[in-house]
Novice: 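This is the structure I have questions about; it appears just below.
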Amino acid sequence: MVDQRLEVISGLQLWQWRNAAKQAAIATDVSPTEVDWLLQEVAGLDRLALCLESFKDWSQIQLQLPLVELEALWQRRLNDRLPVQYIAGVTPWRQFKIAVSNAVLIPRPETESLIDLAVAAASLPLQQGNWADLGTGSGAIAVGLADAFKSATIHAVDCSHQGLLVAALNARNCGFAERIRFYQGSWWEPLEFLKGQFSGMVSNPPYIPKSTLPSLQPEVFNHEPHLALDGGADGLRSIRHLIEVSPSYLLPGGVWLIEMMAGQADVVQQMLQDQGSYCNIHIHADLAGIKRFAVAYKSTPNS
Ligand code: GLN
């Protein structure tokens with residue numbers, strides 16, 4: 001959302017804006033800490049300068065956008081519940097700064113665990129070769145996998161062209177343009193030419209039941225792409241598809257790893273078992289103790 005029309009203002013002006021923005025945040029139940037995070041992104045201030053308010057005495061501060069536009073966007077944060085990450089155009093995720101637009105889901109902190117789980121699940125030989133990030137969105141998972149598996153090629157798929165532009169930008173910004181390939185299409189479909197050759201697949205698919213979407217926070221329901229959220233009538237439409245189709249794409253022993261919603265673990269585990277091509281099925285909790293991740297391996301012919 002932030003463009004590159006720079007504006008220079010005084011520290012005092014910015015200090016005044018910050019105070020007013022924080023007051024307005026408190027009055028509308030938005031965390032005032034968002035103001036300081038946003039100022040780190042759009043005014044280049046560090047946390048110490050914000051904490052000590054030392055910037056108040058600076059004669060010049062460069063903003064990435066005119067102050068009136070920052071104010072207008074902040075009003076949209078408060079009144080329209082526009083997520084602050086869409087205003088800044090970035091979000092922190094693992095050690096990366098991931099670009100986001102409203103074409104992609106804002107990568108969540110809990111999704112960071114998928115990368116650690118992939119590393120833990122994959123033996124050294126499987127940390128190479130082809131990995132898929134299906135429904136890549138911002139490309140965060142693809143970037144995380146490229147970083148974790150230094151000699152793997154990551155194949156990132158999404159049906160959204162706009163989303164893929166964001167993902168490709170992130171691959172470039174994070175230095176992985178050479179090892180992440182992008183494809184527009186539905187789940188495995190564009191990767192048919194590599195059938196049976198994947199060391200692993202990771203996905204954070206849409207998993208929220210359609211009827212519960214309106215009960216999500218307005219930041220999510222009104223601004224994030226429903227394509228990335230809507231898991232159909234029972235929330236399991238995409239997960240069911242990934243369970244059915246993945247065995248023909250994975251190498252024997254290949255890793256199958258997804259994020260899911262609270263309450264879905266038992267049925268996902270059962271579906272994996274019933275499918276018949278998976279072994280060593282494990283459910284993992286997020287840092288809040290909620291069962292959110294499922295890992296399985298494609299059975300080897302004699303297992
Ligand atoms: N975790 C997201 C949320 O909290 C949902 C993401 C998804 O459906 N994959 O809204």
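All ligand and atom numbering here is 1-based and tracks the order in the structure. Just the heavy atoms: all of them, side chains too, but no hydrogens, waters or symmetry mates, feed the values below. Because the structure is predicted, anything quoted here is derived from the model rather than measured.
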Novice: Side chain, backbone, both or neither: which part of Thr111 has a heavy atom under 4.0 Å from ligand 1?
Specialist: neither
Novice: Is the shortest side-chain heavy-atom distance between Asn130 and Ser199 below 4.5 Å?
Specialist: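 Side chain of Asn130 against side chain of Ser199, heavy atoms only: no contact under 4.5 Å found.
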Novice: What atoms of ligand 1 come closer than 4.0 angstrom to any heavy atom of Ala228?
Specialist: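 Near Ala228, the atoms of ligand 1 are 7 (C), 8 (O), 9 (N).
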Novice: Is the distance between the ring centroids of His155 and Phe182 under 6.0 Å?
Specialist: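 For Phe182 and His155, the ring centres are not under 6.0 Å apart.
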Novice: Note the single closest protein heavy atom to atom 1 (N) of ligand 1, along with its residue, its atom name and the distance in Å.
Specialist: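 Here the closest protein heavy atom is Tyr207 OH, 3.0 Å.
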Novice: Give yes if a backbone or side-chain nitrogen or oxygen of Pro205 is under 3.5 Å from a nitrogen or oxygen of ligand 1, and no if not.
Specialist: yes
Novice: I need the atoms of ligand 1 closer than 4.0 Å to a non-hydrogen atom of Leu105, numbered in the order shown.
Specialist: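 That gives atoms 6 (C) of ligand 1.
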Novice: Asn204 heavy atoms, cut-off 4.0 Å: which ligand 1 atoms fall inside?
Specialist: 7 (C), 9 (N)
Novice: Taking 4.0 angstrom as the limit and counting only heavy atoms of Leu229, give me the atoms of ligand 1 inside it, by number and element.
Specialist: 5 (C), 8 (O), 10 (O)
Novice: Does the separation of the ring centres of Trp131 and Phe149 fall below 6.0 angstrom?
Specialist: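 Yes - the distance between ring centres of Trp131 and Phe149 falls below the 6.0 Å cut-off.
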Novice: Whether the Thr136 and Asp133 side chains hold a donor-acceptor pair (N or O, under 3.5 Å, no angle test) is what I'd like checked.
Specialist: yes
Novice: What I want to find out is whether Arg94 reaches Asp116 closely enough, with some N-O distance under 4.0 Å, to be called a salt bridge.
Specialist: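 Salt bridge flag = yes for Asp116 with Arg94.
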Novice: State whether Glu192 and Lys195 are salt-bridged, where the test is any N-O pair (Lys NZ or Arg NE/NH1/NH2 against Asp/Glu carboxylate O) under 4.0 Å.
Specialist: yes
Novice: Starting from atom 10 (O) of ligand 1, find the nearest protein heavy-atom neighbour and note its residue, name and distance.
Specialist: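 Scanning the protein heavy atoms, the shortest distance from atom 10 (O) of ligand 1 goes to Arg108 NH2, 3.1 Å.
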Novice: Are His226 and Phe221 an aromatic pair, judged by ring center distance below 6.0 Å?
Specialist: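 Centroid separation for Phe221 and His226: below 6.0 Å.
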Novice: Give a yes/no on ligand 1: does Ile208 have at least one heavy atom closer than 4.0 angstrom to it?
Specialist: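 Under 4.0 Å: yes for Ile208.
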